[in-house]
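Notes follow the structure.
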Amino acid sequence: MSEHDPVIVASELVTGYGFGERLCWEGLLSGRHAFREIERFDASKMRSRLAATVPGLSAEHGGHSLLDPMLDFLRPYASKTYGRTELFLASTVGEIDLLETVEQDTLHSLLQKAQTVFRVGNGRVVSAACASSNVALARAGALIQSGRLDTAVIVGADLVSEFVCSGFSSLEAMSPTLARPYDKHRDGLIMGEAAGVIVLSSAQTAEKYRLKPKARLSGWGMSTDALHITAPVHDGRMLANAIRQALGGTSPEEVGCVIGHGTGTRYNDEAEINALNTVFAFPPPLASAKGGCGHTLGAAGIIQACMAFHILDTGILFPQTNLLEPEPAAAGMISGKTQAVKIPRILSMNSGFGGLNAVLMIEALTPS
């Protein structure tokens, strides 16, 4: 590992399972989803009345976003940064619950708030649809690898809102039952909300300040389908290109598992399965966190990265939540039971509207 290699030195998460990364891991590991009836707005006319909302979440008083208590919880986990530091906000709609009250767009209002909360002067918004977190991590990793940054704070955050839910409902992309990623009988996604933080540093910075890295961000790749505003390329060929970029010089056989985007929609899951079967002669174990956490939009990749750390620690991939019958082309990858991860190297995949694909490779500091 070189002195400029990006390593993950801190992380924390809030999801529909509650406040804490471990609660999310334990929920997914148990095969339990976090979906509940939506209460913050009238969802009676939408395709689904369920969402993975954060339990007990409330703003203190008017003028505050529901994201505020989530950011406050995350604050201590990114309290120490060193050298040249920048904050990367990964979000699709930001403080969408304040849409009618803020005087600027809700993404930049959230960026300013995050910079204050995490005490980072320089910041940028990375709004790359549902691939936002993976794109932000990749961009931060590239700047650290090039020697232009010493530390990066990546914050991913999006809320369940009437604005977003009504949009997905109008597209008939939401499930009237449950989200079942990679299932033969899948019929759509369920929305979720989350906020998470990951701190990257160079290996040299981590060593100098005696930080304890959780893992190494060893590769990333991005591509664009350029086909349709919402539908991916059916055969997954452009996603396959992003996977190959993330692999770099690593053989596909040296990947232990894949955390997929896995929305539970017909076209997304099919494109992912096709991409994996294109790149891998024998695809590794696969699972999606969205069967439990819901589709958290710009925060999805943050959840996946945090779960990757637990997979590396335990050597276990969580079961696919709500799985009834695997899609035949994914039968050898997906399981309703835990799967052993024999190689400590994980691919995390996200795709988004506009045909965006972003793939990360996260591995143990000394992979076998």
Side-chain angles (χ1 to χ4, degrees), residues 90 92 126 128-139 141-142 173 179 181-183 186 189 217-291 295-298 300-305 307-308 317 320 326-334 345-362:
T92 62
V126 179
C130 305
S132 296
S133 286
N134 272 11
V135 172
L137 284 160
R139 182 58 180 157
Y182 312 119
D183 194 297
R186 64 192 182 275
L189 58 85
L217 180 60
S218 58
W220 45 84
M222 287 180 274
S223 64
T224 305
D225 292 350
L227 171 72
H228 189 276
I229 193 169
T230 59
V233 173
H234 166 77
D235 61 12
R237 63 183 180 275
M238 296 309 294
L239 175 57
N241 286 348
I243 293 171
R244 293 188 184 100
Q245 291 176 41
L247 287 171
T250 301
S251 167
E253 287 71 34
E254 295 179 72
V255 172
C257 74
V258 177
I259 306 176
H261 193 55
T263 61
T265 60
R266 174 61 54 185
Y267 298 117
N268 173 89
D269 291 14
E270 187 173 35
E272 283 191 87
I273 292 167
N274 288 338
L276 291 173
N277 280 314
T278 296
V279 175
F280 295 89
F282 302 98
L286 167 69
S288 165
K290 293 181 182 64
H295 193 344
T296 57
L297 305 177
I302 289 279
I303 294 176
Q304 293 170 203
M307 294 304 97
L317 176 62
Q320 184 54 65
E327 178 68 36
M333 313 177 214
I334 201 79
R345 187 176 287 113
I346 300 169
L347 284 180
S348 174
M349 307 193 305
N350 282 150
S351 298
F353 284 177
L356 302 171
N357 303 298
V359 181
L360 305 177
M361 185 157 68
I362 299 170

Is it true that a side-chain atom of [X] and a backbone atom of [Y] form a donor plus acceptor pair closer than 3.5 Å?
| X | Y | value |
| --- | --- | --- |
| Tyr182 | Gly262 | yes |
| Arg345 | Val255 | no |
| His295 | Thr263 | no |
| Lys290 | Pro181 | no |
| Gln304 | Ala289 | no |
| Ser288 | His261 | yes |

Any idea which heavy atoms bring [X] and [Y] closest together, and the distance?
| X | Y | answer |
| --- | --- | --- |
| Asn134 | Gly301 | OD1-CA, 3.6 Å |
| Ala129 | Thr92 | O-CG2, 3.3 Å |
| Pro326 | Ala331 | CB-CA, 4.1 Å |
| Gly256 | Pro284 | O-CB, 3.8 Å |
| Ala329 | Asn277 | O-ND2, 3.2 Å |
| Cys130 | Ala300 | O-CB, 4.4 Å |

request  = Under the side chain to side chain donor-acceptor pair (under 3.5 Å) rule, what do Glu270 and Asn274 come out as? Steps first, then yes or no, please.
outcome  = CA-CA 6 Å; Glu270 187 173 35; Asn274 288 338; 4.9 Å; no
key: Donor + acceptor pair across side chains of Ser223, Asn241 (<3.5 Å)   =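 The criterion, which ignores hydrogens and geometry beyond distance, is not satisfied for Asn241 and Ser223.
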task = List for me each residue that meets salt bridge (Lys or Arg N to Asp or Glu O under 4.0 Å) alongside Asp183, sequence neighbours excluded, and say none if there are none.
result =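 Residues passing salt bridge (Lys or Arg N to Asp or Glu O under 4.0 Å) with Asp183: none at all.
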task = Output yes when Glu327 and Arg266 qualify as a salt bridge under the 4.0 Å nitrogen-oxygen rule, no when they do not.
result =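 Salt bridge: yes.
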Just how far is it from atom [atom1] of [X] to atom [atom2] of [Y], taken to the nearest 0.5 Å?
| X | Y | atom1 | atom2 | answer |
| --- | --- | --- | --- | --- |
| Leu286 | Gln320 | CG | CD | 7.0 Å |
| Met333 | Ile273 | CE | CD1 | 6.0 Å |
| Phe280 | Leu347 | CZ | CG | 5.0 Å |
| Thr265 | Arg186 | OG1 | CZ | 7.5 Å |
| Leu137 | Ile302 | CG | CD1 | 5.0 Å |
| Leu239 | Asp225 | CG | CG | 7.5 Å |

Side chain to side chain contact (heavy atoms under 4.5 Å, CB included) evaluation trace for Leu360 with Asn350 = CA-CA 9 Å; Leu360 305 177; Asn350 282 150; over 6 Å; no
query = Can you name the side chain to side chain contact (heavy atoms under 4.5 Å, CB included) partners of Ala128, sequence neighbours left out?
reply =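 For Ala128, the residues satisfying side chain to side chain contact (heavy atoms under 4.5 Å, CB included) (neighbours in sequence not counted) are Ser132, Val135, Leu356.
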Test log, rule side chain to side chain contact (heavy atoms under 4.5 Å, CB included), inputs Val258 and Met349 = CA-CA 8 Å; Val258 177; Met349 307 193 305; 3.9 Å; yes
request  = Could you give me the CA-CA distance, side-chain angles and deciding distance for Met361 and Ile346, then say whether side chain to side chain contact (heavy atoms under 4.5 Å, CB included) is met?
outcome  = CA-CA 6 Å; Met361 185 157 68; Ile346 300 169; over 6 Å; no
inquiry  = Between Thr224 and Asn357, does the side chain to side chain contact (heavy atoms under 4.5 Å, CB included) criterion hold? Intermediate values first, please.
reply    = CA-CA 6 Å; Thr224 305; Asn357 303 298; over 6 Å; no
